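Take a look at the structure below.
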Amino acid sequence: MEQDIYLTIENYLNDELSAAEKTAFENQLSVDKILKDKVALYKETNQFLGNRFSKDRAQFLENIKAVSKASFAQKEETKPKVIPLQSRYYWLVAASIAIVMGIFVFDSDPTFEEYYQSENAYFNERGSVETDLVQAENYFNQKKYTEALPYFEKVILQKKSAEIDYFYGLSLLETNQLSKATSVFKTIQQGNSLYKNKAIWNLALIQLKEGNFENCKSLLKEIPEDDENYEKVQKLLNELE
Amino acid sequence: MDTKPNHPDQLYIEGLITNNSSVIESIYKKFVPKVKSYIHANSGDDDQAQDVIQEVLMVIYDQAKTKGLKLSCPFDAYFFLLCKRRWLNELKKSSSKGVTFLDDEVSLNESVRETVFQTEIFDEKQSLFDEMFQKLGEKCQEIIKLSFVTKTMEEVAEKLNVTYGYVRKKKSICTGQLTEMIQQSAKYQTLKL
């Protein structure tokens with residue numbers, strides 16, 4: 001029967017065949033490639049299953065979950081402490097609020113600064129060779145955008161990547177080279193990478209910065225509703241209507 | 001015979017497979033924040049970050065335990081790239097448009113890329129095994145699980161109230177069935193197991 005072979009395989013792998021049986025089986029294996037592959041796969045399957053259902057693995061998983069929970073919870077607790085204000089300073093607070101409200105009333109248009117958020121680049125691992133890309137990344141993350149630019153310019157000549165282009169665009173934006181930034185983002189917009197919608201968002205923000213509200217709005221409308229950042233897009237659109 | 005000295009970061013792999021709490025905590029302290037920031041900057045939240053990180057650590061553990069894993073690059077880079085790619089893959093699944101970001105992979109270090117590639121191949125293999133296992137009948141799943149969880153097959157026979165000979169035979173047949181399902185799957189062909 002076909003299924004009997006599996007018990008033989010199991011016994012063979014566990015070294016539970018008699019010497020004679022073992023020799024016979026190994027002879028078979030040397031001529032029967034299909035059987036040989038079957039045995040190899042059976043052995044591998046046992047390996048996978050053995051790990052999958054081991055107690056060690058279950059304990060490890062428990063431990064990871066616990067450390068993870070503690071680690072992520074910790075971050076939330078490091079919020080700045082709220083120190084109660086002495087009553088004599090309340091007038092200061094009231095005055096400040098009044099001033100801020102006054103500014104708010106006069107400054108009703110949305111601004112670039114309100115919506116632009118800087119981010120970090122993660123092209124490379126730490127400790128790698130000092131290539132141009134590493135320099136670009138380091139300067140970028142230190143917000144030294146002017147210093148980062150020449151390195152980006154060198155890299156984009158050698159490597160075609162929407163990710164690099166995107167951060168190059170951000171560097172141009174941060175150093176107020178808006179028309180150059182626009183053309184970089186436009187290239188990404190025409191592609192189909194993960195950075196497409198982010199590029200459109202930044203194009204919209206550039207239009208906002210230049211006071212071209214209509215252009216800004218039409219760009220924002222190009223961002224699909226299922227984009228994860230759609231909340232921000234919607235908020236800005238609402239403010240511009 | 002492996003005569004190459006271990007990369008200093010091999011200790012992280014050792015620590016994971018021995019369930020060493022201080023190594024695990026060190027990983028969370030030193031390497032997780034960067035992953036967390038990346039995921040936040042790419043439309044993810046804390047819960048999603050936690051999941052990605054746990055899943056990646058489990059794959060690393062499984063690969064190290066099943067096949068062995070020798071690092072030839074810093075753990076930092078390897079771990080980050082695995083998490084980053086896993087997250088981007090998640091985004092790709094939920095996005096309706098075709099995303100070609102995998103071509104944007106920028107990591108220049110050959111060693112990191114190679115190690116990440118090996119781990120991702122292992123992950124795909126393991127997913128295939130898991131998927132096929134779930135398709136086995138309940139009795140088969142039970143007997144296989146018990147045979148690995150319980151110390152001896154005699155104990156398994158007792159638990160199931162059958163003979164020793166029966167469980168041995170049945171376990172081998174079930175495992176055989178599993179291998180057949182794996183062999184016949186389309187994924188097996190592409191993975192060239």
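On a predicted model such as this, the values are computed, not experimentally measured, just so you know. Throughout, protein chains are lettered first and strands after them, A, B, ... in sequence-line order, and every chain is numbered starting at 1. When reading the values below, keep in mind they use all heavy atoms of this one structure, side chains included, and skip hydrogens, waters and symmetry mates.
Within 6.0 Å of CG in A:L157 there are more than 12 heavy atoms belonging to other residues, nucleotides or ligands. Within a 6.0 Å sphere centred on CD of A:E113, heavy atoms belonging to other residues, nucleotides or ligands number more than 12. Around CD of B:E131, the count of heavy atoms belonging to other residues, nucleotides or ligands within 6.0 Å exceeds 12. Atom NZ of A:K154 has 12 or fewer neighbouring heavy atoms from other residues, nucleotides or ligands inside a 6.0 Å radius.
Using a 4.5 Å cut-off between non-hydrogen atoms, the part of residues 47-61 of chain A that approaches chain B consists of A:Q47, A:F48, A:L49, A:G50, A:N51, A:R52, A:F53, A:K55, A:D56, A:R57, A:Q59, A:F60, A:L61. Within residues 148-160 of chain B, the residues having any heavy atom under 4.5 Å from a heavy atom of chain A are, by residue number, B:F148, B:V149.
Residue A:K65 touches chain B through both its backbone and its side chain, counting heavy-atom pairs closer than 4.5 Å. Heavy atoms closer than 4.5 Å to chain B are found in the side chain of A:E16, but not in its backbone. Of the atoms belonging to B:K170, not a single heavy atom falls under 4.5 Å from chain A. Only the side chain of B:L178 comes within less than 4.5 Å of a heavy atom of chain A; its backbone N, CA, C and O stay farther away.
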Q. Taking it one step at a time, do A:Y6 and B:E180 satisfy side chain to side chain donor-acceptor pair (under 3.5 Å)?
A. CA-CA 11 Å; A:Y6 293 120; B:E180 277 172 25; 2.4 Å; yes
Q: Please report the C-alpha distance between B:T175 and A:N46 in whole Å, then the side-chain angles of each, then the deciding distance to 0.1 Å, and finally whether the side chain to side chain contact (heavy atoms under 4.5 Å, CB included) criterion is met.
A: CA-CA 8 Å; B:T175 310; A:N46 261 346; 4.1 Å; yes
Q: Report the C-alpha distance between B:N42 and A:K198 in whole Å, list the side-chain angles of each, state the deciding distance to 0.1 Å, and finish with yes or no for side chain to side chain contact (heavy atoms under 4.5 Å, CB included).
A: CA-CA 10 Å; B:N42 284 278; A:K198 284 177 122 172; 3.4 Å; yes
Q: I would like to know whether A:T45 and B:F133 meet side chain to side chain contact (heavy atoms under 4.5 Å, CB included); could you show each step before the answer?
A: CA-CA 10 Å; A:T45 306; B:F133 180 81; over 6 Å; no
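Atom-to-atom distance recorded for B:S147:OG and A:E10:CD is 7.5 Å, nearest 0.5 angstrom. The line from OH of B:Y38 to CD of A:E119 is 9.5 Å long, rounded to the nearest 0.5 Å. Rounding to the nearest 0.5 Å places OG of A:S71 at 9.5 Å from CD of B:E25.
Between chain A and the options B:I144, B:T18, B:T66, B:D62, heavy-atom pairs under 4.5 Å are most frequent for B:D62. Counting heavy-atom pairs closer than 4.5 Å to chain A, the top-ranked of the candidates B:L57, B:L16, B:I17 is B:L16. Per-residue heavy-atom pair counts under 4.5 Å with chain B were compared for A:D37, A:D165, A:N11, and the maximum is reached by A:N11. Between chain B and the options A:G191, A:A66, A:S68, the largest number of non-hydrogen pairs under 4.5 Å is found for A:S68.
Considering only heavy atoms from C-beta on, A:F72 comes within 4.5 Å of B:K36 through its side chain. Taking 4.5 Å as the limit, some side-chain heavy atom of B:K169 sits within range of a side-chain heavy atom of A:D4. The shortest distance between side-chain heavy atoms of B:S21 and A:N63 falls below 4.5 Å. With a 4.5 Å cut-off on side-chain heavy atoms, B:Q183 and A:K38 count as touching. Using a 4.5 Å heavy-atom threshold, the side chains of A:L7 and B:I173 count as separate.
A salt bridge links B:K125 to A:E44: one of the charged nitrogens lies within less than 4.0 Å of a carboxylate oxygen.
Heavy-atom minimum distance, B:S172 versus A:Y42: CA-OH, 3.3 Å.
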